[in-house]
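Numbers here are sequence positions counted from 1.
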Amino acid sequence: MAKHSIKSVSKELKGSGLIDLMYTHYQMPLTSMAEMADACGGREFRATHIQIAERLGDYHGKTITPELVAELVFDFIRLGIVEVVSASGPIAYRTGIGMSEWSSISEDEPTTYRFGSYDSFVELAEEIQSMQDGNQAPLLPLVVPESSPVRTVQ
């Protein structure tokens, strides 16, 4: 792939075309998380599910819940868009975990996430586009079998 200089994670997601290939309910949290990383000056940010939910709006109206955020973030982790860098919860992040274990994290438990590279965004966008077979409608993130390990760093 061509050499790419980072401007911001938000711009990289947009420039790769990945964000445009997803339904709105995935675009909004992914954009918000990218903005959180941009505000930290790099690819990493630390947040709770509540903090992410609050950034998405209507948190107090209960449309956006920490549980919903946990599900969406879990999909991003399984796709390799973001990685779990550290957490103080009881889960061993070096091995694959299921949604039930991920959801059991306290909603106020801070986790450090790291976004993947621009090249990984482009590769995933190309993979999604090839699955669309020319259909330009947005897709949900790919279905990852439960047996697949979560892509994380130690």
(request) Take Ile81 and Met22, measure what side chain to side chain contact (heavy atoms under 4.5 Å, CB included) needs, and give me the verdict at the end. (result) CA-CA 13 Å; Ile81 296 171; Met22 295 184 173; 3.5 Å; yes
(message) I'd like to know whether Glu44 forms a side chain to side chain contact (heavy atoms under 4.5 Å, CB included) with Val85, so could you lay out the CA-CA distance, the side-chain angles of the two residues, the decisive distance to 0.1 Å, and finally the verdict.
(response) CA-CA 8 Å; Glu44 291 184 12; Val85 178; 4.1 Å; yes
(request) Evaluate the criterion side chain to side chain contact (heavy atoms under 4.5 Å, CB included) for residue pair Arg55 and Glu35; output intermediate values, then yes/no. (result) CA-CA 10 Å; Arg55 282 188 62 99; Glu35 290 169 353; 3.2 Å; yes
(request) Go through the steps for Ile77 and Tyr113 under the test side chain to side chain contact (heavy atoms under 4.5 Å, CB included), then give the verdict. (result) CA-CA 9 Å; Ile77 293 167; Tyr113 299 99; 4.1 Å; yes
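Ser32 places no side-chain N or O within donor-acceptor distance of the main-chain N or O of Met28, the cut-off being under 3.5 Å. At distances below 3.5 Å, not a single donor-acceptor pair connects side-chain atoms of Glu71 with backbone N or O atoms of Leu68. Distance alone, capped at 3.5 Å, is enough to place a donor-acceptor pair between the Gln27 side chain and the Ile19 backbone.
Across all their heavy atoms, Ile50 and Pro66 have their closest contact at CG1-CG, 3.7 Å. Of all the heavy atoms in Phe121 and Gly116, the pair that sits closest is CZ-O, 3.5 Å. The two residues Ala125 and Gly17 come nearest to each other via the heavy atoms CB-C, 4.2 Å. Listed here is the closest heavy atom pair of Val9 and Ala34: CG1-CB, 3.7 Å. Across every non-hydrogen atom of Met36 and Ala47, the tightest pair is CE-CB, 3.5 Å.
The residues Asp38 and Lys11 are annotated as not salt-bridged, no charged nitrogen and carboxylate oxygen being separated by less than 4.0 angstrom. A salt bridge does not link Glu83 to Arg43: none of the charged nitrogens lies less than 4.0 Å from a carboxylate oxygen.
Interatomic distance, NE2 of His49 versus CZ of Phe74, reported as 10.5 Å (0.5 Å rounding). Expressed to the nearest 0.5 Å, how far CE of Met33 lies from CD1 of Ile52 amounts to 4.5 Å. Once rounded to the nearest 0.5 Å, the distance linking CG of Leu13 with CG of Leu18 reads 6.0 Å. Atom-to-atom distance recorded for Phe45:CZ and Thr112:OG1 is 9.0 Å, nearest 0.5 angstrom.
Here the side chains of Phe115 and Ser120 are not in contact, with every heavy-atom distance at 4.5 Å or above. In this structure, the side chains of Val84 and Thr111 come closer than 4.5 Å at one or more pairs of heavy atoms.
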